[in-house]
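The structure appears right after this line, and notes come after that.
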Amino acid sequence: MNTWLLQKEGFDPKDAASDGNRFLCANGYMGLRGVPEEAGSALFPAVTLAGVYDQYQDKWREPVNAPNGLFVRTYFNGQAMTAEDGSPRAHTTALDYRHGIYSRKTDFAAACIASRRFVSMASPHLLADEYQISFRQDGEMTLEAGISCDLWDINGPHLFDYHFQTGETLTASCVTGQKKIAVAAAQCVQADFDAEESVRQDETGVFRVFRRRVRPGETLTLRVFAAVYTSLDTVDPADAARDCCRQAKAAGFSDCLRAHAESWEKIWALSEITLEGDEEAALALHASQYHLNCVAPRHARNMSIPARGLSGQTYKGAIFWDSEMFFFPMFVYTQPEIARSLLRYRIETLDGARRKAAEYGYRGAFYAWESQEGGEEGCTNFNVVDVFTHRPVRTYFRDKQIHISADIAYALRSWYEITGDRTLLREGGAKVILECARFYLSRANGRLDSERVDFADVIGPDEYHERVTNSFFTNEMIRHCLESALLLKEIFADQPAWFAELLKELDYEKDWALLSVLRDRISPPQERNGVIAQFDGYFGLEDCSLDTVRSRLRDPREYWGGDHGVAGVTQIIKQADVIALMALLPERFTDQQVAANWGYYEPRTEHGSSLSACMYALTACRIGRLDEAWELFMKTAQIDVLGGGKQWAGEIYIGGTHPASNGGAWMIAALGFAGLRMRAGKLSVNPRLPRQITRLSFPVATGGKRCRIDISHDGAAISQL
Ligand code: BGC
């Protein structure tokens, strides 16, 4: 079995949404969905841009899909040869995870189309495709290769004022509706055949048209080079895009492909986990690492990663806590510069978080639940549409999921603890932690003189239970955030003047004194037989099985949470919550506590979020439930191989790739199975290898140096690289 290759036989338009995700190519700057070159908008083609957002009318703000410069469609005797309606005899799609190459082969009666393409890891604006047709019959061929503006948008359109330029290079220039960001796509080709050439342009785009008579046995090859730039990258995006594809054409397809593949080799040298003993698992781990690595912002220093990567506009292209909890670990241990970029994004969007806190009448930093550019909140008050009434449902993720600020502070502190590096804290990280802590002080609303401070009206990670009091996860993360703020003084003990200046700049003197007061007064959780209540009153809710709750659904797409949701009145939870906390702060809990809570909560967890299984797997490793850990690992790692995960929340489509699971797979393998831990650049391992794995080997970056960890059932070794 090739553990680097995902392959699918056959073509069914019904699978287009899922396959577009599974066969995604991306490079952090943009993502190209895995659909055939000729796909029209019905098959959801998209070149999704990272960090470029737009709002159309009063719909949701979402990332912008650029015009698609790799569009190619062939007609034979006037008949379109398309995978969807050209009645192919056979169709194969493949994705080479090692080098990020998508390929397809479609066999029609008259000809066979084969192509391979990539989104360059070596050159962030470049996409390239090698498209080949081998004819079996005599006839007239028309081949159109151009820039398609027939875009799939969930809440669009977003691009207006199209302007086309033709010549050796085609260009489509346009601007976004809201902020008038200029977006330009350019395309040039290299054809190894003669043909009568012309250009067609209309509202669907600008295309070169090649016409010629073809004979059986003839193979024609077209190499397409396309580029995308926006005015966020450069002052003249059209010019830059043209230059980029001209240079690529001059270098040639093979050279561009070589550079791209070499970049991927470097990424794998830094991050690959080799898993032996189970090939399905090895494939799933490669898939997970591919999907997370391909959306990493390597071209920027201050960007994060959307919850659905660059697989489209789902979840508004927004940055969630997924970044800090699930993406950050793989990067901090393998490619720290990317982890630093994720955190810099938060540092640079501090003002957005301050604005959000102020909007709700609080001080400090309340980060956006769904953060877009500048930290702008993308989450609306109505984030789900009811399947029965078709009415938007009031959801409270935006205003009540206050743990988000503490999650960010947690990652900043982890950065310091893992790498030993203080510069990020000096360069804004410390300020973020202090401002997050201040938000909780002000959320405590002057109740600091009472013995116990409750945090009421919140939502923990389990979103099915809204507006609860004393969410254990939330309270403990707040406590951790307050401790982290206090710890800053020790971290900068050798720079007291700088630290005093920082407190002065933030006008923090009074708040500083309150940090420890709140830390010590946050209400303790309710407990029963060693099980911690997820929130006050949790044990009083109906205790029924997951199957019972599922049987109450009247529509499979029904939303389980909120006022009318089937889960809200029961103890069934959406995702790891108490257990997530135990995975994040393991030293606070004994093995017995973890075991008791795991045993109680796991059967009551729907795992309705792709973030859930990973947390249960990590804690399962700790308490020796290795069979369950293995099962949860496979569930996590296979998600984008199989195209699984929830597709709907009410009437809202939430499909896409799952970077949180992708990062989760790395976490289970490295932090769970190998028991990797790094403190101030010092590594240790504590293996808990499931029987299915015979060997696990992976590199880790430690303070400028690199190590390799090797784990087998015979023992563990750490060697310098
Ligand atoms: C989960 C959140 C998560 C978001 C994005 C939701 O379904 O409940 O915890 O941040 O998806 O992945």
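Keep in mind the model is a prediction, meaning the values are calculated, not measured. Indexing begins at 1, ligand by ligand and atom by atom, following the structure's order.
Ring orientation note: the planes of Trp321 and His403 are nearly perpendicular, at an angle over 60° on the 30°/60° scale. Relative orientation of the Phe439 and Tyr362 rings is perpendicular, given thresholds of 30° and 60° on the angle between their planes.
At least one N/O-N/O distance between Asp322 and ligand 1 falls below 3.5 Å. Where the criterion is an N or O separation shorter than 3.5 Å, residue side chain and backbone included, Gln575 meets it with respect to ligand 1.
For atom 9 (O) of ligand 1, the nearest non-hydrogen atom of the protein is Trp321 NE1, 3.0 Å. Closest to atom 7 (O) of ligand 1 among all protein heavy atoms lies Lys574 NZ, 2.8 Å. The protein atom (non-hydrogen) at minimum distance from atom 11 (O) of ligand 1 is Tyr315 OH, 3.2 Å.
At a heavy-atom cutoff of 4.0 Å, ligand 1 is contacted by no atom of Ile654, backbone or side chain.
In summary, Arg413 and Glu417 engage in a salt bridge, as defined by a charged side-chain N under 4.0 Å from a carboxylate O.
Proximity of the aromatic rings of Tyr29 and His299 is defined here by a centroid distance below 6.0 angstrom, and this criterion is met.
Within the listing of ligand 1, atoms 3 (C), 9 (O), 10 (O), 12 (O) sit less than 4.0 angstrom from a heavy atom of Leu611. Each of the following atoms of ligand 1 lies closer than 4.0 Å to a heavy atom of Ala307: 5 (C), 12 (O).
Without hydrogens or angle criteria, Asn302 side chain to Tyr345 main chain gives no donor-acceptor distance under 3.5 Å.
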